[in-house]
Structure formats: C-alpha cells, structure tokens
There are 2 protein chains.
Amino acid sequence: MKKRITMKEIARLANVSQATVSRVINGNPDVNEELAARVLKVIEEVGYVPNQTAQTLKRNQSKLIGVSVSEMYNPYFVELVDHLEDKARKLGYNIILHNSKHNPILEWENIQNFLTRQIDGCVIVPTGSYNLERLSKLPIPVVSITQTVSSLDSVAIDHMKAGKLAAASFIKAGHTSFAYIGKSDDEKYLGFASVLYEHQLPVSDVRVFELEQTSNDNFLVRQGIERHFRQFETFPFTCVFTENDIVALECIKLIEERGLKVPEDISVIGFDDTYLSKIMGISSIHQPIEDMVSTSLELLINRIEEKLSPDIVSIQLEPTLMTRKSSNHRRI
Amino acid sequence: MKKRITMKEIARLANVSQATVSRVINGNPDVNEELAARVLKVIEEVGYVPNQTAQTLKRNQSKLIGVSVSEMYNPYFVELVDHLEDKARKLGYNIILHNSKHNPILEWENIQNFLTRQIDGCVIVPTGSYNLERLSKLPIPVVSITQTVSSLDSVAIDHMKAGKLAAASFIKAGHTSFAYIGKSDDEKYLGFASVLYEHQLPVSDVRVFELEQTSNDNFLVRQGIERHFRQFETFPFTCVFTENDIVALECIKLIEERGLKVPEDISVIGFDDTYLSKIMGISSIHQPIEDMVSTSLELLINRIEEKLSPDIVSIQLEPTLMTRKSSNHRRI
DNA sequence: CTGTTAGCGCTTTCAC
DNA sequence: GTGAAAGCGCTAACAG
C-alpha cells in the first residue's frame with residue numbers, strides 16, 4: 001500500500017510544527033493567518049485527509065454508530081438503514097451496518113464487533129428479547145428502533161394504535177368477520193382485537209393465522225398463507241389485516257387466484273407502508289420512518305454526549321392508515 | 001462514557017506484561033499454556049474486547065471496506081449491499097456504507113470520508129464517469145461492481161450478452177416488433193439490437209423509450225413510461241425489454257390498464273431478477289449477485305494484499321434469462 | 001518464552 | 001501564537 005500522507009509531513013512542507021497543523025485543521029481561531037493559509041495550501045496541494053483512526057484513539061470517540069437490523073428483505077428495513085446512513089452522516093457520524101438475520105447469536109457477535117470498533121453508540125432492531133439484558137449493560141448507549149422494549153431506550157410507533165386503526169377502518173366499512181395474519185401476541189393484534197371488543201363484535205371468531213416466515217422468502221410466506229387458506233371452502237372473513245406488506249401482497253395474490261376480488265370480496269390492510277404497498281395499491285399502516293430515524297439519532301447522540309438523565313426513554317410515534325385500493329370498498 | 005477496559009488492565013489483573021496479553025490475543029503459539037489460560041480467564045471475566053482502532057493505527061490496516069452504492073430503491077442494490085456485508089464479515093472485514101444517490105459530488109465526499117476512515121479498499125457502484133479518473137488514483141484499491149469501466153478493476157455481468165438473451169428469446173417466441181425502455185447507449189440495448197440485426201429484423205423500427213427516472217420514485221417512473229405510451233393509439237410493438245425490474249413492473253401495469261394482456265398481447269422482460277420480478281411473475285435477466293460479490297471481494301482483497309500484477313482486471317460474469325409469466329407466450 | 005521499548009498519527013497540555 | 005512532549009491502546013522488534 002502506498003503510504004498515506006500524515007500531519008507530520010504537512011508540517012514539514014509548511015515549515016511549521018505538527019501541533020500547528022492540528023490547530024489549523026481543527027479550526028483553532030488563534031493561529032496566525034499567514035501560517036494557517038500556508039498550511040491549508042499544502043493540505044490542498046497534496047490532498048491530505050486527516051487520519052480519523054488516530055483521532056478516535058486520542059479523543060476516545062469514533063463518530064461511528066453501529067446499526068443492526070434483523071433483516072433486509074422487507075423494504076421497510078432498507079428505508080430505515082438508508083435514512084440512518086443519510087441522517088447520521090449529516091450529523092458527523094458514519095454507520096457500520098450489520099444484518100442479524102433474526103439470529104440472536106449472530107446479533108451478539110455483531111455487537112461484539114461494534115464494541116471492537118469503538119462505536120460511540122448503537123441503533124438496533126432487536127432479533128427478539130434474547131440479547132436485551134446484555135445490551136442494556138453495554139458501556140455505550142443503545143437505542144431500539146421499531147420495537148419498544150422495557151430495558152432500552154426505544155423509538156417505535158404505537159403498534160396497539162396501529163391495530164386499532166386497521167380494525168376501526170374495517171368496521172367502518174361494514175365488515176363483521178375478520179382475519180389477522182401475524183403473531184397473536186403482537187400488540188398490533190391486541191389493538192385490533194380490542195376495537196372489535198369495544199364494538200361488541202365476536203373477537204373469538206377472528207381467524208388468526210400464524211406464519212413461521214413473514215419475509216425472507218416470498219415463496220415460504222406464500223406457502224404459509226396457503227396452508228392456512230386451504231382449510232376453507234369459502235372464507236369465513238371479509239377482511240384481512242397482515243403483519244407486513246409482503247404478507248399482504250402474497251395474501252392478495254392468493255385470494256385473487258381463488259377467483260375472488262380484492263377489495264370487493266375481501267379487503268386487505270398491510271403494515272409498514274413500503275413501496276410494495278404503494279406500487280400495488282395496498283392499504284397499509286404507515287410508519288413515519290424519517291421521524292423515527294431522526295428521533296432515534298437525536299436520542300442516541302444526546303446519550304453519547306451524556307445530556308440525559310439515566311431514566312429509560314421510550315418514545316412512541318403515531319401510525320396512520322394509508323387507504324388504497326385493497327381496502328377501499330364498503331360492504332352492503 | 002464508561003471507560004473501556006484496556007490490555008494494560010488485563011495485563012495487570014493477570015499479572016503478566018501487556019505484550020503477553022497481546023500475544024495471547026493474537027494466538028501466538030509460543031506462550032506458556034498456564035499464562036495463556038490465566039490471561040484468557042481474565043479476558044473472559046471482565047468481558048474485554050480488543051480496541052481495533054489501536055490495532056488499525058499500529059498495523060496500518062483497518063479491515064474496513066468502503067461500499068458506495070448509487071441508490072437503495074432498486075432492491076437489486078440492497079441485495080448487493082446485504083451480500084457484501086455478509087461476505088466481508090466472513091472474511092474479517094466490516095463495511096462502511098454510503099449511498100451516493102446518483103450524485104457525483106456526494107460520491108466524492110463519501111470517498112474522502114472513506115479515506116479519512118482508513119479503509120483498506122473500496123467497492124463502488126459508480127454514479128457515472130465523473131469520478132472515475134480520481135478514483136483510479138486513490139492510494140487504495142477500488143473495484144467497480146455492476147459496471148465495467150476501463151480505468152478500474154471491475155466485476156459485472158456481460159450487459160451486451162444480457163441484451164442478446166432478451167432479444168433472442170423474443171424472436172424465438174415469434175415477435176417481430178420490439179420496444180426497449182432504457183438508455184439507448186447502454187450495452188444492453190446494443191446487444192439487443194445486434195441480435196435483431198443478425199436476424200434481419202428492422203432495428204430502426206425498435207421503439208426506444210428513454211426515461212429520466214428509472215428508480216427512486218415509482219410514480220415518476222410510471223409517469224415517464226406513460227408519457228411515451230400516450231403517443232400510441234395501438235402499440236406498434238408486441239414485446240418490451242426494460243432496463244430494470246421496477247420499470248418492467250410499471251410498464252406491465254400500464255399495459256394492463258389499457259385492457260391489454262401480458263404476455264398474450266405484449267410480452268415483457270425486465271432486468272436484475274430482483275424479488276419484485278419473482279413475486280410478480282416477471283421474466284427478467286438474472287445477475288449472479290452472490291458470485292459478483294464474492295468475486296469483487298476476492299479481487300479487492302488480493303489487491304489489498306498486493307498479490308496481483310498492476311494490470312486492470314475486468315471480470316464479466318454470465319447473465320441468464322429467467323422466463324416467467326410475463327414473456328411466457330408464443331406468437332401465432 | 002517473556003518483558004521492555006519504540007512508535008502508529010493525532011490532540012492537548014505545558015512552556016516559552 | 002507556536003513548539004515540544006506526553007500519551008491514546010496496541011503491535012512488534014529486540015533483549016534477555
């Protein structure tokens with residue numbers, strides 16, 4: 001490797017001390033203008049860039065943020081990463097990205113790697129609860145994004161509220177028989193069910209379909225839904241709320257392959273409001289990604305700079321329902 | 001910030017010298033077993049992780065690879081990033097990600113930032129030719145991925161061949177009138193046209209539709225295609241080859257909104273073979289992403305380790321056509 | 001086999 | 001205002 005130019009070299013060329021070069025670079029105001037100009041000129045000429053590694057070592061801050069997401073198949077997480085990168089850069093930080101692939105072991109390895117890299121803080125989409133305990137004991141701040149967890153600072157939407165929005169929308173459109181595809185212990189579903197309950201609708205009749213795969217592999221998602229749907233000659237529900245947009249899309253395709261129409265026969269509402277739902281005209285619960293990212297980063301950086309009381313901060317943002325073709329139909 | 005534990009501290013606790021701790025960590029075989037065990041025990045107990053920043057400074061290698069992609073909307077690039085991260089990690093490297101958003105200025109800023117971070121090498125999806133010159137003069141190796149460029153090492157598919165595959169497939173299915181949506185100076189199109197020419201089909205009649213946006217915003221893609229399509233009462237072509245899957249998808253939607261059927265009336269072949277085409281049953285040119293990523297990384301790392309002759313390496317991989325519903329129809 | 005020492009590139013007192 | 005010097009955490013000769 002060609003040797004990179006160092007500050008020492010700049011100092012030699014500009015005929016000043018290394019300390020002065022450092023001062024110029026860091027914008028120290030009380031450097032003689034002429035000297036500063038000379039240094040800047042040399043820097044420009046040789047295309048010197050400071051060695052941030054050395055700065056990190058000396059300053060004991062890397063300006064690096066670890067980002068761990070649980071997957072990249074769902075476009076929702078991609079948008080998250082993209083905004084995190086962009087916003088972090090604007091705040092003077094870089095991100096170092098890891099995909100934990102829903103694997104807690106890999107997640108923990110990644111965290112260790114982050115530590116090794118001297119990251120200043122970490123934004124994480126947790127794989128589950130497996131590492132939360134250790135995560136909260138890390139010597140650096142950690143913010144959980146998209147999931148509210150009790151042991152960490154977190155920024156997420158109000159999932160309960162999201163479920164309520166979907167249910168309310170279905171009820172308003174005249175639906176009386178419901179299905180939900182996703183985990184039954186998810187707050188989305190609790191919110192969904194609670195609204196039905198409030199309207200004295202038979203919550204116990206809601207068809208809840210649990211899937212092993214809800215992303216990663218569309219074929220498996222499809223198979224999972226199909227397995228559940230196969231048990232019905234005719235569907236005992238007129239609307240479906242799904243855990244994410246990928247599931248919603250596969251669900252709609254399966255319904256249409258039966259010769260039924262969406263939304264006329266069955267309405268569908270997805271989750272995440274990714275471009276998948278936008279392209280395909282699928283109604284979906286919108287998560288304000290940019291807000292979530294800005295909020296997370298602000299929170300994290302405040303923690304890094306130790307400006308906050310030690311209490312855990314838990315921020316919940318408002319979901320909104322984007323109604324599109326797939327649920328734009330009134331029953332009876 | 002809580003003070004992180006250092007090697008010195010481990011040395012003190014294990015009652016050995018710092019150098020010995022270093023030897024143990026780096027797996028130096030000739031350390032007394034008993035000592036090694038003692039050191040390992042302390043490391044385990046206090047949860048010590050080495051400071052890679054210091055290692056970087058000392059060893060003059062960061063084990064960091066810069067990755068710059070031109071966008072994240074097209075799922076193709078996401079897959080690329082995901083595999084790069086995964087594969088790099090397995091090779092002992094981490095990636096630092098930047099999105100240049102098709103902006104050469106931002107791209108160059110990102111590169112400078114990479115340099116600052118002491119990356120060992122860089123994998124880039126160039127925004128265009130704007131920075132290629134400077135890129136080739138960097139003190140670290142750079143590999144262009146997905147695009148073959150003359151001034152840098154590169155790994156890409158044979159775009160010419162890809163265009164040929166699409167054309168050959170259309171011709172075999174009996175098509176005689178063609179359209180292409182994408183840049184006309186793209187090798188894809190050159191390959192496409194060359195096959196028509198070989199078959200004595202009227203190349204000059206091929207409808208070439210250039211788009212300003214081919215990703216980023218589906219609505220704009222849609223509008224772009226629509227603007228071109230609007231000029232026809234009936235389409236003067238029976239098949240369309242598109243620059244990427246997003247364009248293919250929007251194209252199909254617009255055709256179907258006209259009451260035409262895909263593939264019966266018009267066949268469509270996309271590009272990239274992303275999950276979009278898989279979900280939607282769109283025929284597409286497959287790029288062997290994993291191969292491309294492995295090859296790029298191998299090449300890059302060989303460069304980093306200076307095991308290669310200085311000649312520019314240009315690797316072209318084979319594209320394949322994945323035939324799905326959107327082009328699965330034989331004319332007459 | 002193990003400890004001592006120099007120094008990676010930078011920032012930051014501390015003198016002058 | 002500027003330079004000299006110490007030291008961030010680690011590795012790698014060099015001695016012993």
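The analysis underlying the following values was restricted to heavy atoms, covering all of them including side chains, and did not include hydrogens, waters or symmetry mates. Below, chain A is the first sequence line, B the second, and so on; all start at residue 1.
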A/E9 CD to C/dG9 P, straight-line distance once rounded to whole Å = 11 Å

inquiry  = I'd like to know if A/K58 reaches the base of C/dG9 with its side chain such that a donor and an acceptor end up less than 3.5 angstrom apart.
reply    = no

request  = Mind calculating the distance between NZ (B/K8) and P (D/dG7) to the nearest angstrom?
outcome  = 9 Å

query = What is the distance from atom NZ of A/K101 to atom CG of A/N216, rounded to the nearest 0.5 Å?
reply = 9.5 Å

request  = Return the value, rounded to whole Å, for the distance between atom CG of A/L57 and atom P of D/dC10.
outcome  = 9 Å

query = OP1, OP2 of C/dG9 versus side-chain N and O of A/Y48: anything below 4.0 Å?
reply = no

request  = Remember a base hit wins even if backbone is also touched, and classify B/L35 as base, sugar-phosphate or nothing at under 4.0 Å, heavy atoms.
outcome  = sugar-phosphate

key: Residue whose closest nucleotide on DNA chain C lies nearer the 5' end, B/V16 versus B/A54   = B/V16

key: From A/D82 atom CG to B/F77 atom CZ, the distance as rounded to the nearest 0.5 Å   = 12.5 Å

ask   = Looking only at heavy atoms, what is the nearest atom pair of B/I111 and B/C122, with distance?
value = CD1-SG, 4.3 Å

Between P of D/dG7 and CG of A/N60, the distance in whole Å = 16 Å

task = Using the closest heavy atom to pick a nucleotide of DNA chain D for each, name whichever of A/Q18 or A/V31 lands nearer the 5' end.
result = A/V31

key: Distance, rounded to the nearest Å, where A/D30 contributes CG and C/dT12 contributes P   = 14 Å

key: Rounded distance (Å) that lies between atom P of D/dA12 and atom CD of B/Q61   = 9 Å

query = Of all the nucleotides listed (D/dC10, C/dT12, C/dT11), which has the minimum atom distance to the side chain of A/A19?
reply = C/dT12

inquiry  = Looking only at the side chain of B/T6 (C-beta and beyond, no hydrogens), which of the listed nucleotides C/dT4, D/dC10, D/dG3 gets closest?
reply    = D/dC10

request  = Assign B/Q52 to base, sugar-phosphate, or nothing according to its heavy-atom contacts below 4.0 angstrom with the strands shown.
outcome  = nothing

note = From the candidates D/dA5, C/dT2, D/dG9, the one with an atom nearest any side-chain atom of B/N51 is D/dG9

Donor-acceptor pair between B/S17 and B/T20 side chains, under 3.5 angstrom = yes

request  = List the steps, then state whether salt bridge (Lys or Arg N to Asp or Glu O under 4.0 Å) holds for A/D120 with A/K63.
outcome  = CA-CA 6 Å; A/D120 293 335; A/K63 291 281 178 180; over 6 Å; no

message = I need the CD-C1' distance between A/E33 and D/dT2, as an integer number of Å.
response = 16 Å

query = Counting just side-chain N and O atoms, does A/Q55 come under 4.0 Å of either OP1 or OP2 of C/dC10?
reply = no

message = With a cut-off of less than 4.0 Å, is there a side-chain N or O of A/S22 near OP1 or OP2 of C/dT11?
response = yes

query = Checking all strands, does B/T20 fall into the base, sugar-phosphate, or nothing category for heavy-atom contacts under 4.0 angstrom?
reply = sugar-phosphate

remark   = Whole-Å distance, A/Q118 CD to D/dC10 C1', equals 11 Å

